[in-house]
Each structure stands twice: as structure tokens, then as C-alpha cells.
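Below: the structure, in C-alpha cells.
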Amino acid sequence: MQLKIYNTLTKIKEDFVPVDSNHVRMYTCGPTVYNYAHIGNARPAVVSDLLVRVLRFLYPKVTYVSNITDIDDKIIKASDETGVEIGVITAKYEKIYNEDMQSLNVLKPDKQPHATEHIDDMIALIKKNIINNKAYESEGHVLFDVSSYPSYGKLSKRDADDQIAGSRVAVASYKKNPGDFILWKPSSENQPGWDSPWGFGRPGWHLECSAMSENCLGIPFDIHGGGMDLVFPHHENEIAQSCGSCNEGHNPQAYVKYWIHNALLNMDGEKMSKSLGNILYIRDLLKEYPGEVLRLALLSAHYRQPLNLTKDVLAQSQATLNRFYRNLNKNESIDSCSDFLEYLPNGFLESICDDLNTSKALASLNEISKKLSSSSSSEDKKKFKTQLLACGYILGILQEEPRQWLGISNGSDSADSKTVEQLVLNRDTARKNKDFEKADQIRNVLLDMGIEIEDSPTGTVWRKIKK
RNA sequence: GGCGUCGUACCCAAGUGGUAAGGGAGCAGUCUGCAAAACUGUCAUGCACCAGUUCGAAUCUGGUCGACGCCUCCA
């Protein structure tokens, strides 16, 4: 199956043709670790994770790299404000980020490099840019000279000159051109820094991704991902400095072949941002919803469409997953095939290979789920259950034990369970005696305890529900 | 000022030239003591509006209106 992805660089949906079809290489910008991860941070991670799962299905070897940025002015600021050491802050929030991603079923990247471990690579990258006349030193800073790179602006479709008129930034005195950006800047005594040919200082904020992606993957590599807001200036600058380091003036694909960018998350139609104070942290959402619900909500719209994250959307995702899990639970006794990925149905694959059309893929899941519940032969049931689990795996959902997801008792012998079991038995007795008033009364008691019951031909099952 | 995205039913959301996927909610029904679940049926002669191109337009072109993003830290 041919994977197609929309390439921000060319502005069209393209057939994905890897540089080396025996080894696909991908990089996605990871977090700057100075605060809790919010749900917006999760979108690129989830989308990249989905793409990686698809690539792993299609190609023999995939290396996926996503970084941790642990040196940055935002972190310095957070440290100044709280008095907490930088290393303590970054270690804390990196751990939290990874835990949160795990709860969203995001598989860990093959490599998760830290910016502070690649300062040497960054210095080497700057040196190459200076040698190639792409960068210059000025007042202790090293800047990239955008006028030296003819393809500057190709990714974001921007012309530097056109932007100056409306620019809201004062041009620093040490810049030759207003669009020049910092590769290295001086640090004061009490700021973090490293010795370099240009004095004690620290890297500019685009450099780490160029250095780490090249170090971990080599260039050119196949896919670079991130949020739409990174297209300019972050990714534009990455291309400039990486191409500058190998003295490639015209072809941005000397660095990366395909650029993919996810649209941003909205809250009530407005972007999620600190200044608007409408940030939803993953930590907080996880108190109310399983991570899988958050993941499905993020995948319910196409990744290049803005997504308005509302209670409604989350409730719908919850309902969808409940329905699938109930269906799986009903067919618990049916074994699925262990090599389940071999059973991915074509319709699903086509949708997902069409620039990750998750909405359409979800329609396939519904179809399969329907077939599973309506088929009568165990052979068919096995086939459709396997398909459902296989599609679920690619999407990163449906891998939990259905009974556990639904909160159905396993006959565990906790005191609580015993009470419930006894009440259920009492109700069944009442029902047999046609004492429906008593039966309903017991049901209400159970409901107050947060227990929902379902009568079925094979007996009554109960499960814990959220109050 | 420059660049760009979007507007599809009550809600979410695919579809980008061949006559509107899917899900949720609602309604009707089957089943059930009831409930829940499941299943079946129903739910946009129309895709912001206007004009044009075409045998044919949600889809292409031009315009209008509306919402939003980037150019400044951001995923």
C-alpha cells in the first residue's frame, strides 16, 4: 500500500518515497520541559506516533527520534522565578511528559536526545555555517545571515522583505538583516552556558533540532513533524542552518524530504494559549478521562484540521470506545489471530495511508465492529475480532482488557465486590419471584454505589461507573 | 501590512468534478418485568452567500460575508 502524506514544503499530498526504503527515519520536535504538558502538546506526539505505527507496518526498519529541549530561555525564566535549579525543573517535567505520553498510548521514540547533551554538535554546526559564509559573529552573538540562503522562506512561503512592514519586533543592533536569527548568544555568569569559540554562551532556540536530528538520523532524513505554529520561524530556520552547514543553497530537501504539521487545538474556537488562560493540562484531563479517550478525541478529526476540544467531543470518544470494548467483551471467548497486523482490512489501510485520514478509518472500525457483532459463525467472529484489534493497534486504541475497561467485576474477593455480588444475587432472587419492586429498589441501591447492572440471557453483569 | 486556513444536519466529522461516509444525540421499532446494552429503520434535493466555468460543482474560478491562525514564547 502506497502511503501518501501532505508535505508542507511542496504544499501537496505526495507519495511517500523514503530516502532508504530499508530504513525510514523520522524526527518530531519534542517538548521544552519547564511546565506540565498540555493537551495541545499531545497532538503532534499522538499524530507522529500514529504515523510511526503505520511506517513500521509498511517498512522493515523505522527510527523515530523526538527530542527533549532542556536548555532554553523559558526554562531559565522558570528557574529564576521559582528558585528551583534548572536541572531539577527539566528532570521533573521530562518525567511527567513521558508519563503523560505513555498514558496516551504514545510509544516511546527510539531515541529521545537532550539538547544539553549535544552542545558540541551545535557548536560544530555553527562553525560550518561560518566557514560557508552563512553565519557571522557580531557583539558576542553568532547569527545566521538569511540573505546568504536563497531558499529562505520556502517552507513557510514567506518573503522576508514583505514581513518587515508589519513586524512587531524591534530589530536588534547586532543584526545585518532583520530576519537574521541567533545561533549562539552570550550567557552571563549566573546563566547556564558553555565555552565556545565565541565565548561563554548558549545556543539559539532553533539549533538543537538541527543538531540532534542530524546526529541521530543523518541527513537528509525522511520526515520531520511538529505543530503548525513551528513552521515559521522554527522549522524555516532549521532548514536554513542545516542546509547552510552543508553549503546547500537551493534544495531544502538536502535536510528533510517531507515536512508534516498538525493543526492546533482550540478551546471554544480560540487557540489554547497561556495568555488566554485556557490551557488544559493532560494531568488534569486524566483525572476525568482515560488516556485512550483523549487519544481518540485527538484522532477524531484529521490532523491538519483545527480541533475544538470540548466535553462533547470527549464524551463521544468515550462512548465510541465503550461500544467497541463492549463488543470485544461479548466476544471474549473468541481467540484472535496472534499475527493480527496481517489482517488489517484494505479499506482501513487505504484511509490511513491517505494522509492519515483517521475520520475515514474510524468509519471502517465501525463497520468491522458491526460485522463482528452480527456474524454468527465463530470463524467470522475470529476474523472480525482480529481485524478490529489490528486496526485498534495502528490507531493506538482497544489494546486493554475489555472487562477492565468496562469496569466489569472479575469476581475479585474484595469486601466491596462481595457486597455487590450479594446485592446482585438478592435482586435476581427477587426477579425470579416477580418481586420487581424490590428488584428495582436494589438496582437503585447499586446505582448509588456507582454500580451499573445489565441483565442478559447468561446472567447479570455489573460494572463500576463514574459518578 | 504580508502569508495562510476554515465555513458540510441538533453536535462531532469525512468527502476536493459524477450526484452528500461514519459517529453521537433525537425519533420509531425488535428484545426485555422494567432498565441498560444490542440490533433494525429514520434523520441535509442540499454543503456560508452570490455569480461564473462545465453535460454535471460541496468539490474548479471570481467576488461577498463570517470565524481563525502565523509573522512575538508557543505543539
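Lettering of chains follows the sequences in order, A, B, ..., and the numbering in each one begins at 1. Values reported hereafter were calculated over all heavy atoms of this structure, with side chains retained and with hydrogens, waters and symmetry mates removed. A quick note: this is a predicted structure, and the numbers were derived from the prediction, not measured.
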Spell out yes or no: do the side chain of A:D440 and the base of B:G33 have one donor N/O and one acceptor N/O closer than 3.5 Å?
yes
Would you say the side chain of A:R443 and the base of B:A35 hold a donor-acceptor pair, judged only by whether the two atoms sit under 3.5 Å apart?
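Answer is yes: a donor-acceptor pair is held.
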What's [X] touching, base or sugar-phosphate or nothing? Going by heavy atoms closer than 4.0 Å.
| X | result |
| --- | --- |
| A:M272 | base |
| A:E367 | nothing |
| A:L365 | nothing |
| A:L264 | base |
| A:H302 | sugar-phosphate |
| A:A319 | nothing |
| A:N308 | nothing |
| A:R326 | sugar-phosphate |
| A:K434 | nothing |

Between A:W405 and A:Y325, how do the two ring planes meet: parallel, tilted or perpendicular, split at 30° and 60°?
parallel
Can you tell me how the ring of A:Y36 sits relative to the ring of A:Y93, calling it parallel under 30°, perpendicular over 60° and tilted otherwise?
perpendicular
Counting just side-chain N and O atoms, does [X] come under 4.0 Å of either OP1 or OP2 of [N]?
| X | N | value |
| --- | --- | --- |
| A:R323 | B:G24 | yes |
| A:K74 | B:U72 | no |
| A:S373 | B:C39 | yes |

Pairing check on B:C34: which nucleotide meets the Watson-Crick or G-U wobble criteria with it, both distances under 3.5 Å?
none
Distance (rounded to the nearest 0.5 Å) between A:S369 OG and A:Q387 CD:
11.5 Å
Tell me whether the NZ or CZ atom of A:R158 lies within the 45° cone about the ring axis of A:F232 and under 6.0 Å from its centre.
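The answer is yes, since A:R158 meets both limits relative to A:F232.
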Taking atom CD of A:E99 as the centre, report whether more than 12 heavy atoms of other residues, nucleotides or ligands fall under 6.0 Å from it.
yes
